[in-house]
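What follows is one structure encoded as structure tokens, with my remarks underneath.
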Amino acid sequence: MQELLTFVAKSLVDHPDQVAVRVTEGEAIILELSVAEEDMGKVIGKNGRIAKAIRAVVKAATAKNSKPVYVEIVDERQ
């Protein structure tokens, strides 16, 4: 699932070398996606449509997992 999210994100952005996915496991699996500041809008999309689509793809790919999987888009500037 980390590889899938990385592939999708790199396909969308202008700076694919700055795409990073960090995995945190607990009761749920959290995938934290960070991209270059200039590419943040391309990953989120208008009204969050691209982000929703990315989350839907990851959810469909991990439907058989016993743990829920969440995708968070992280702003590294904070």
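Lys10 meets the salt bridge (charged side-chain N to carboxylate O under 4.0 Å, His left out) test with no other residue; sequence neighbours excluded. With sequence neighbours left out, the salt bridge (charged side-chain N to carboxylate O under 4.0 Å, His left out) criterion links Asp14 to Lys42. For Glu32, the side-chain hydrogen bond (donor to acceptor under 3.5 Å, both in side chains) criterion is met by Arg22, not counting sequence neighbours.
Residues Asp39 and Leu12 have side chains not in contact (no heavy-atom distance under 4.5 Å, counting atoms from C-beta outward). Met1 has its side chain within reach of Leu31: a pair of non-hydrogen atoms, C-beta onward, lies under 4.5 Å apart. Side-chain atoms of Ile30 and Glu72, non-hydrogen and from C-beta on, do get closer than 4.5 Å to each other. Residues Thr6 and Val8 form no side-chain contact, since every pair of their non-hydrogen atoms from C-beta on lies 4.5 Å or further apart.
By the criterion of side-chain heavy atoms lying less than 4.5 angstrom apart, applied directly or through intervening Ile, Leu, Val, Met, Phe, Trp or Tyr residues, Val23 is grouped together with Val71 in one hydrophobic cluster.
Scanning all heavy atoms of the two residues, the minimum distance from Arg55 to Ile73 falls at NH2-N, 4.3 Å. Across all their heavy atoms, Ile50 and Gly45 have their closest contact at CG1-CA, 3.6 Å.
None of Leu5, Val74, Val58 except one satisfies the side-chain contact (heavy atoms from CB on, under 4.5 Å) rule with Leu33; the exception is Leu5.
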Practice task
Give the intermediate values and the outcome of side chain to side chain contact (heavy atoms under 4.5 Å, CB included) for residues Lys59 and Val69.
Solution key: CA-CA 7 Å; Lys59 185 175 181 179; Val69 178; over 6 Å; no

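Residue Lys67 holds its NZ atom at 12.5 Å from OG1 of Thr62, rounded to the nearest 0.5 Å.
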